[in-house]
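Notes to accompany the following structure.
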Amino acid sequence: MVSRAHTTVWGSPGESFCYPISVLASRPEIKSQLKAAIAQALEALGLQEWPEIIVQETPPDKEGDYGTPVAMSLARTLRKAPPQIAADLLQNIQLPAWVRRPFVVGGYLNFELEPAFLVQAATLPIAPFPRAAGKVLLEHTSVNPNKELHVGHLRNICLGDSLARILRFVGRDVEVMNYIDDTGRQAAESLYALQYFGLTEAPAQTKYDHWVGEAYVRLHQAMEDPEQKARIEQGVQSTLHRLEAGELRDAVDKILRAQLQTMYRLGAEYNALVWESDIVREGLLGKAMKILEGSPYVARPTEGKYAGALVMDTSAFIPGLEDPYLVLIRSNGTSTYTAKDIALQFWKMGLLEGLRFVTYDTQPSGAPLYSTHPEGVPLPFGGASETINVVDARQSHALRVVQASLEVEGRPDLAEKCFHLAYETVLLEGRQMSGRKGIVVSVDEVMDEAVKRVRSVIAEKNPDHPSPEEAAEQIGVGAVRFAMLKTEAKKQIDFRYDQALSFEGDTGPYIQYAYARAGSILRKAEEQGVIQEAPDFTQATPYEVALAKSLLRFPEAVQDAARNKAPHIVAQYLLELAAAWSSFYNAKTPDGRPATPVLTAPPGLRGVRLELVKALRQTLKQGLGLLGIAAPEVM
RNA sequence: GCACCCGUAGCUCAGUGGAUAGAGCGUUCGCCUCCGGAGCGAAAGGUCACAGGUUCGAGUCCUGUCGGGUGCGCCA
C-alpha cells in the first residue's frame, strides 16, 4: 500500500468532513459500523426488513478480516443464489474509507480492512459503557457462619464476585449482598459444640472458623452414639432459641469475621451483610407472611396433612409437581427457611422495608462494609429492579419457589427479574464433599498450598525477584480463582490439586505471565528513552494485525459475559488474548530469526509495537480485574 | 415416577444457527548469540452419546432413546 503518515484520515463517505483518526478519543465500533453499512445497502436494494445482520471475524485462514453471512439468510425470500445477493450488496454498499477491499466469497460478503486502521483502533482506549438504569442486587457467598469455607464455597464466591465486577464494568449499578444465616441449625450446632466439649479459647495459631469447624465435625461424630445424640439434640434446640433471641450474636460474629478474612484474601468484597435474625426481628418475615396471606394461593388448612400450617400452593406457577404445597409457617408456629427467603426476596425487590444498618468493617480496598444491626439506621439498600442469586444448582427448586412467591403476590413482573445463577457442585478428587463428616478441603488450605507452590517456582525461576511474597500471593490466589472461573457454571468441577494449582497452559498464571513479560518490555523501552516514540501505523504487518484483532474483541467479550451472566466468557477471552500475545512475542521469520522484536524494530514500527504492548497490558489488567485476579508487574 | 443440568480428542474443557469443530494436559519432534522458556512452533489424536426432525445451513434449535449428575420434607 502507499505509504502514509500516521495522521492519515479515515472518514466515512457519508460524513461531511474527515478527521484524523489520531484525534479519536476512543475505539471506533468496527462491527456496528459495518452492520450499519450493510443495512443501508439492504435498503438500497429495496428491502423493507431483514433478519438480524451478523458480522463476524473471518476464520484465520480465510481472506478478509470481517464478513457477513446475511446473503445466505436472504436467499429464500429473495429467491436468488447467495453469491448473487452478496454481489448485489457489494454493488450498493457504501463503506467507510478504512475498508480496503470488500469482496464476495461463496455466499459471504467479506471485508478486508486497512491494516493501519485496524492496528491503530486496537491501541485506542475503549469508550466507557453507558450507565444502565435500575439496580441489580447480587447475592453471593451466604455461607453458614459455623465453620471454615471449603472449595464448594469457593466457586460461589468467585462466580458472584466476578459477575458483580463484570456487570459494573458494563455500566450496571450493582449492590452485593451476603446473607448471614445466623439462626440456622448449622450455626447452632457449632456454637453448642463449643459448649458441649468445654472449648473456650482457640489456640493462637488456629484460625477461629477452623477451630469452630473442628468442634462441629466432632459433634457430629458424637451424635453417632444414640445416648449422646439425645442430649446433644436438646442442647442444639436450646442454642437455636438463644440464637433467635439474639443472645449469641457476638459468638456468631466472631466466626463470621474469621470467614471474612478468607473472602477478603480471595479478593471478594460486599456492600452489605444481611442477617437472618434481623429480617425476623425487624418484622419483615411477619409482614411478608401477612402479604401472602391475602393471596388466593395461600391458605391455612384446618384438616389433612397440612392442618394448622400456613401453606402456599405453587401449582399454578410450577407445573408438574407431585405435591405443590409449600409450608411457610409450621403448625407449631415456627417459620420455614423458605419463608425467610421469601421475606428477603420481597425486601430485595422493594416490597418490604425496614432493615437498619451499621458500618461493620473496612474492607481491604478501603470500601466500607455495612451490616444489618438492631441499633443501625436505615440506609438505601434493597429495592432493586433485578436480583441475582448465586446458589448451588441443588437449590434450584427452592429458588423457583421463592420466585413463585412473587407471582403468588401478583407480581409476575418482579418474578421475571429474579435470576438464579446456578452452579454445579464441586467434587473433591472425584467424591462428593461433606461438611459434616469433614471431607472437605478448606479455601484457606488451598490458597496456602497454591502460594507455597508459587513461592518455590519463583525461587527457582526468578531468585532476584524484588517482592517474591507479594507476587506469590497474587499468583497463587489468581491460579485458584481462575481455575474456578474458566469453566461454565453449569458444569460439574472435580477439584484436583494438581489441576487447580497448575501454573502452565490454560491457567491464571499463564495470563499473568503474559502481562509481566509485556511490562518488562515497557520498562526497557523507558530506560532506552523510546517509550513515547510516535507510531507509524502504515508500517503494521500481519503480525500486528492478528494481535490487534484479538484486542478489539475485548468489549464484546465482556458484554457477552454480562448478558449471559457468565464470567467464564471473560476467562476464555483472556486465554485467547494472552495466547495471541505469546504467539506474537515468539514469532519467527521463515529463516528462524525473531519476526516481531519491539525494542529493536525500525523507528515508527517500534512505536506501533509499543502502543500495542501498552494496549495489551491495559486490556489484560482490566480483564484480570474482572475476574478478581491481580496483574503482577514481575513474576 | 416427575422435573432440571450435563454428554465435543486418551483426560480436563472452549465453541451468540454460518466458512475446513478449537485449546490445555498427556505423547512425539523442534525452538533461548530477540525484549522473561510459567513461553513458542509442529505432529498425532473427532461418527460433537445415539436416532429422527426443523433450516439454504445444526456441535448449537425441537422430539425421542441411552448414559452421568441433581432435585422433588411441617431439614436448613
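What you are looking at is a predicted structure, and each value in this text was computed from that prediction instead of being measured. In what follows, chains are A, B, ... by sequence order, proteins preceding strands, each numbered from 1.
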Is the phosphate of [N], meaning OP1 or OP2, less than 4.0 Å from a side-chain N or O of [X]?
| X | N | answer |
| --- | --- | --- |
| A/Ser583 | B/G39 | no |
| A/Lys491 | B/G7 | yes |
| A/Lys62 | B/A19 | no |

Rounded to the Å, how far apart are [X] [atom1] and [N] [atom2]?
| X | N | atom1 | atom2 | result |
| --- | --- | --- | --- | --- |
| A/Tyr585 | B/C32 | OH | P | 14 Å |
| A/Ile493 | B/G24 | CD1 | P | 20 Å |
| A/Leu577 | B/A23 | CG | P | 16 Å |
| A/Lys461 | B/G39 | NZ | C1' | 9 Å |
| A/Ile54 | B/U16 | CD1 | C1' | 8 Å |
| A/Trp581 | B/C35 | CH2 | P | 13 Å |
| A/Gln56 | B/A21 | CD | P | 15 Å |
| A/Arg606 | B/C35 | CZ | P | 15 Å |

Here the gap from A/Glu576 atom CD to A/Gln572 atom CD, rounded to the nearest 0.5 Å, amounts to 9.5 Å

Smallest heavy-atom separation, A/Gly107 atom then A/Ala71 atom, equals O-CB, 3.5 Å

Closest non-hydrogen atoms of A/Glu488 and A/Arg155, given as atom of the first, atom of the second and distance, are O-NH2, 3.0 Å

B/C31 glycosidic conformation (syn if within 90° of 0, otherwise anti) is anti

Rounded [atom1] spacing from [N] to [M] in Å:
| N | M | atom1 | result |
| --- | --- | --- | --- |
| B/C13 | B/C32 | C1' | 31 Å |
| B/G67 | B/C48 | C1' | 16 Å |
| B/G46 | B/G7 | C1' | 15 Å |
| B/G24 | B/U33 | C1' | 32 Å |
| B/A43 | B/G1 | P | 49 Å |
| B/U12 | B/G26 | P | 15 Å |
| B/C35 | B/G39 | C1' | 13 Å |
| B/C5 | B/A44 | C1' | 34 Å |

Assign [X] to base, sugar-phosphate, or nothing according to its heavy-atom contacts below 4.0 angstrom with the strands shown.
| X | result |
| --- | --- |
| A/Val311 | nothing |
| A/Glu576 | nothing |
| A/Leu427 | nothing |
| A/Thr596 | base |

Open item on the list: Tell me whether the rings of A/Tyr325 and A/Tyr306 are parallel (<30°), tilted (30 to 60°) or perpendicular (>60°).
Closed with: tilted

### Task
Anything under 30° is parallel, anything over 60° is perpendicular, the rest tilted; go ahead and classify A/Phe495 against A/Tyr497.
perpendicular

request  = Give a yes or no on whether a donor-acceptor pair under 3.5 Å exists between the nucleobase atoms of B/A19, that is its base, and the side chain of A/Asn110.
outcome  = yes

Is there a donor-acceptor contact under 3.5 Å from the side chain of A/Asp182 to the main chain of A/Ser277? yes

Between A/Tyr510 and A/Phe503, is the ring centroid distance below 6.0 Å? no

Under 3.5 Å side-chain donor-acceptor pair for A/Glu504 and A/Thr507:
no

Here the residues of residues 73-90 of chain A within 4.0 Å heavy-atom distance, strictly under, of RNA chain B are A/Ser73, A/Arg76

In numerical order, the residues of residues 511-533 of chain A whose heavy atoms come under 4.0 Å of RNA chain B are A/Tyr513, A/Ala516, A/Arg517, A/Ser520, A/Ile521, A/Lys524

Under a 4.0 Å heavy-atom criterion, the protein footprint on nucleotides 67-76 of chain B, written with B, S and -, is --SSS--BSB

Symbol by symbol from the 5' end, with Watson-Crick or G-U pairs under 3.5 Å, [ ] crossing and | another strand, RNA chain B is (((((((..((((....[...)))).(((((.......))))).....(((((..]....))))))))))))....

**OP:** Assess A/Arg617 against A/Tyr515: is NZ or CZ under 6.0 Å from the centre of the six-membered ring, and within 45 degrees of the ring's axis?
**Re:** yes

Self-check item: Axial cation check for A/Tyr585 ring with A/Arg517, 6.0 Å and 45° limits
Solution: yes

Closest to the 5' end of RNA chain B, once A/Ser582 and A/Val55 are matched to their nearest nucleotides, is A/Val55

Between A/Gly592 and A/Val105, whichever has its closest RNA chain B nucleotide further toward 5' is A/Val105

From the candidates B/G39, B/C35, B/G18, the one with an atom nearest any side-chain atom of A/Pro597 is B/C35

Winner on side-chain proximity to A/Val598, out of B/G18, B/C13, B/C35, is B/C35

Hits for side-chain hydrogen bond (donor to acceptor under 3.5 Å, both in side chains) against A/Lys490, two or more places apart or cross-chain, chain-then-number order -> none

(Q) Please determine whether the number of non-hydrogen atoms from other residues, nucleotides or ligands lying under 6.0 Å from atom OH of A/Tyr297 exceeds 12. (A) no

Distance-only check: which donor-acceptor pairs under 3.5 Å involve side-chain atoms of residues 54-61 of chain A, not counting sequence neighbours?
from, atom 1, to, atom 2, distance (Å)
A/Glu57, OE2, A/Lys31, NZ, 3.4
A/Thr58, OG1, A/Gly64, O, 2.8

